[in-house]
Enquirer: 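Please find one structure pasted underneath; my questions will follow.
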Amino acid sequence: MLIMKNKFINNKYILRLFWIVILGIIWQVVALSQVFNPTSFPRIETILSSLIHDVTNGDIILQTLYSLSLIFRGVAAALIIAIVLSGLSAISQTFEGFVETLIAIAHPLPGIALLPLIILWIGIGEGAIIFIIIHSVLWPLIINLLTGFKSIPKIYKKIGKNYGLNTIGIIRYILIPAALPYFITGLKIGWARAWRAVISAEMVFGAAGGIGGLGWLIFKKRVFMDTPGLFGGLIVIVFIGILVEDIFFDRLEKITIRKWGMSI
Amino acid sequence: MEKLTKIHRICIVLIIFVIVLSLNGCTLNNDTSQNNEIRIAEQYGLAYAPLQIMKNKEILKKRLPQTQIIWKQMGNTAAIREGMISNEVDIGFMAIPPFLIGWDKGMDWKIASGLSSMPIGLITYKDGINSIKDLTTNDRIALPQPGSIQHILLSMASEKAFSDSHKLDNQLVTMAHPDGMNALLAKKDISAHFTSPPYIFKELDNEGFHQVLTGEEAMGKDFTFIIGVATKEFHDMSSETYEAFLDSLHEAIDFINDHPQEAASILAKEYDLPKEEVLRYITADGTKYTSKVKGLEDFTDFMKRNNYISNSFQNLEEVLWEDVNYEK
Amino acid sequence: MTSLLKINNISKSFIKDSKKVDVLNKVSFHVKKGEFLSIVGPSGCGKSTLLGLIGGFEEYDEGNIFFKEEEILGPSPNRIMVFQEFNQLFPWQTVLKNVLFPLNINKTEIQLDNRIELAKHYLQMVKLEGYENYYPHELSGGMKQRTAIARALAMKPEILLMDEPFGSLDIETRTQLQSILIELWKEIKATIIFVTHDIEEAVVLSDRIIVMGKSPTSIRDTIVNNLDRPRDRLSTGFIEKVKEIYDKVKE
């Protein structure tokens with residue numbers, strides 16, 4: 001059973017690699033055929049050597065770390081707000097109505113559409129980018145947490161009370177782990193949205209003092225027409241995306257909800 | 001497993017087939033669209049005034065009744081450049097530095113004509129700032145984007161003031177002109193704004209707002225702000241259209257210079273500004289509508305020296321189409 | 001012997017579709033320490049509601065329930081409930097952790113190592129040794145219910161409330177769990193109130209059987225079951241007992 005499972009996992013990664021190689025070959029064929037201007041369709045080795053250059057001089061690494069640090073701060077703040085708001089909603093129906101109204105108003109607004117307002121309110125620095133990240137993460141997170149709390153079987157609370165847990169104990173030992181699958185789903189959506197938000201916000205705000213992040217790097221590559229470098233930046237974005245979604249979240253799910261048979 | 005590879009092989013063949021087909025489609029399209037079309041890309045601002053005259057007075061249309069004329073107003077230079085690479089645009093208007101960056105990266109294009117010189121410069125509301133040496137590391141400077149003429153001029157001034165052209169690079173904030181103006185007027189995050197007309201005039205109309213640096217001071221002489229650039233494909237394949245376009249452009253430029261009053265009333269409509277204001281702007285000191293191209297070598301030398309570009313031209317034919325009114 | 005649990009004239013009604021529905025009407029009975037009592041009756045007769053009231057999960061309208069001379073006001077680890085639902089185990093905990101969980105909350109005076117030993121001991125008693133590190137979703141229904149029983153018993157409750165715990169199991173598993181439950185009851189001298197609609201199950205398990213009718217219900221009859229243990233389902237005495245109760249339910 002275990003061996004079969006491993007084989008399957010290996011297969012999945014091999015399959016992924018296989019398709020990446022195939023897409024790479026197609027890319028290279030198109031690039032070599034010169035159907036497109038080489039300025040807009042560089043060859044793979046040009047892209048890779050530009051990426052290696054950016055990695056070795058350290059810029060791209062610093063900028064990636066900077067973008068990730070923005071995400072980390074934004075997600076952490078959104079997490080706290082989401083837990084407080086959804087927790088209060090679980091307790092009070094009036095408050096839940098308020099939070100649901102907030103969601104109805106704010107959730108459909110793309111962060112970028114709020115930019116002019118954000119500039120007026122917060123200015124143009126890191127704070128503004130973090131605000132956009134919080135905005136993109138917060139609402140899916142709250143929605144999932146609310147659904148998560150609601151979908152907890154009533155019997156869990158009964159059992160908690162039967163075994164002598166008080167309200168805090170029930171939240172700590174029962175509601176939180178029971179809502180974890182929804183929490184992880186919310187976090188996954190939140191991460192994906194934060195990652196897109198930070199890249200686009202950085203392209204608008206630029207390096208407002210300092211080195212800037214990956215979005216800024218790509219913007220700079222664009223205005224200086226460094227197309228291979230631009231593709232290099234895109235590769236890093238894809239790479240980080242795969243790293244987080246396929247490896248971090250996959251692992252997290254494997255050691256929690258999938259192991260527990262709680263996947264939704 | 002064997003079954004899987006078979007499916008894969010079929011998929012690969014399909015994908016290649018689709019790609020080859022779509023490529024064919026592209027090239028076919030391009031061939032047919034070439035002859036009866038001229039696609040011109042510009043940006044917003046008074047520097048592009050002759051183009052508005054051309055449109056309004058149908059100067060080009062009279063010369064080319066059979067040709068479809070497509071005007072595209074784009075948000076920034078990078079978009080125009082990308083449009084020209086992908087053969088969506090035949091003639092684009094921009095400043096000299098973005099042209100040089102494209103030329104350096106191998107774009108097959110050359111300058112067709114000058115368009116205008118404008119009073120551009122760095123504006124601040126802070127009393128204490130009278131030269132760029134007064135800027136502290138906390139002072140943020142808004143300008144359109146790295147590699148823009150505003151950025152290159154600021155770098156030139158930095159090189160003169162600090163012997164380091166990159167000194168202010170970490171204080172730059174990329175903003176489109178209207179956003180930059182609003183941010184400066186808000187007196188909050190932005191200390192200074194490197195901009196061009198009409199924004200520069202509007203900012204200077206506010207009390208306490210003053211100019212720290214002019215483009216001329218940065219460069220050491222006056223220079224052409226906006227040039228018209230044509231792709232080789234358009235220039236070679238549609239030479240008659242190209243000629244007609246140049247003639248129209250020069251006619252429009254002459255019209256503004258010969259009939260400023262009439263031009264101002266046309267432009268007032270185009271820009272939705274009072275006529276007196278437009279007249280003041282287009283006749284201001286430093287505003288010049290001319291086909292002359294000036295300052296090309298100075299930009300090239302500076303940008304090459306500071307690694308913004310890696311090649312410089314040996315002779316003018318590499319960067320200019322024939323009969324361009326050139327001044328060193 | 002004094003009664004452990006005294007139920008006096010309990011009435012309970014629900015509001016359903018803005019109409020008042022009486023479920024229990026003046027129900028009274030006592031439970032002695034160490035007794036195995038079953039409550040049978042058709043579905044919807046209020047037997048589960050009655051058990052819920054004893055558990056303290058719901059409030060009664062009239063009458064009172066005394067547990068060791070104290071009125072019941074809410075749930076307590078003294079009176080542990082085992083439910084019919086398979087999802088009464090926490091899916092994020094292993095079998096061992098599920099059993100350990102109430103001990104960790106209530107029996108902190110015992111050292112952790114000993115708590116783990118205790119939990120393992122009860123798992124052994126329900127014949128689940130070797131499954132300590134399984135997660136609930138990896139268990140069969142019968143194994144889940146056995147875990148739930150082990151979890152309840154490990155707390156050494158003064159009274160064990162069982163709400164049709166074997167109701168969703170197949171016959172074979174159910175029979176097997178019945179014998180395990182009897183063994184446990186004897187071994188730890190537990191007091192058990194067992195709700196079921198399966199008359200045979202009640203006769204196999206209990207000392208006394210309360211028969212309830214259709215709601216609004218009071219007790220129809222209380223039948224003492226003195227058949228020798230272990231009970232033989234095919235013996236004449238057994239079959240007669242089943243028939244006697246069956247007739248009472250049908251009345």
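We name chains A, B, ... by the order of the sequence lines, and we start the count at 1 in each one. We use all heavy atoms of the structure for the numbers below, so side chains are in, but hydrogens, waters and symmetry mates are not.
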Enquirer: Is the B/H166 to B/Y308 ring centre distance short of 6.0 Å?
Expert: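 Yes, the ring centres sit under 6.0 Å apart.
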
Enquirer: Is it the backbone or the side chain of B/I190 that comes under 4.5 Å from a heavy atom of chain A, or both, or neither?
Expert: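 For B/I190, side-chain heavy atoms alone lie under 4.5 Å from chain A.
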
Enquirer: Does any heavy atom of chain A fall under 4.5 Å from the side chain of B/N76, the backbone, both, or neither of them?
Expert: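 Contact with chain A: side chain only.
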
Enquirer: Do the ring centers of B/F99 and B/W109 come within less than 6.0 Å of each other?
Expert: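 Yes - the distance between ring centres of B/F99 and B/W109 falls below the 6.0 Å cut-off.
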
Enquirer: With the threshold set at 4.0 Å, does a side-chain nitrogen-carboxylate oxygen contact exist between B/K126 and B/D134?
Expert: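 Salt bridge absent between B/K126 and B/D134.
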
Enquirer: For chain A, find its close neighbours in residues 144-155 of chain B: heavy-atom separation under 4.5 Å, sorted by number, or none.
Expert: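 Only B/Q145, B/P146, B/G147, B/H151 of residues 144-155 of chain B have a heavy atom under 4.5 Å from chain A.
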
Enquirer: I'd like to know whether the aromatic ring centres of A/F248 and A/W191 sit less than 6.0 Å apart in this structure.
Expert: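 Ring centres of A/W191 and A/F248 not closer than 6.0 Å.
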
Enquirer: When you check the gap from the basic side-chain N to the acidic O, do A/E253 and A/K259 get nearer than 4.0 Å?
Expert: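 A salt bridge is absent here (no side-chain N lies under 4.0 Å from a carboxylate O).
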
Enquirer: Quick one: which of B/M107, B/M175, B/E82 has the most heavy-atom pairs under 4.5 Å with chain A, could you say?
Expert: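 Of the options given, most contacts go to B/E82.
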
Enquirer: Before accepting this row, confirm whether a basic side-chain N of the pair B/D108/B/K232 lies closer than 4.0 Å to the acidic partner's carboxylate O.
Expert: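 Salt bridge: no.
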
Enquirer: Does B/D301 come within less than 4.0 Å of B/R305, counting only side-chain N to carboxylate O?
Expert: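 B/R305 and B/D301: not salt-bridged.
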
Enquirer: Examine whether an atom of B/K105 lies under 4.5 Å from a heavy atom of chain A, and if so say whether it belongs to the side chain, the backbone or both; otherwise answer neither.
Expert: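 Both parts, backbone and side chain.
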
Enquirer: Is A/D59 salt-bridged to A/K220, going by a charged N under 4.0 Å from an acidic O?
Expert: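 No salt bridge links A/D59 with A/K220.
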
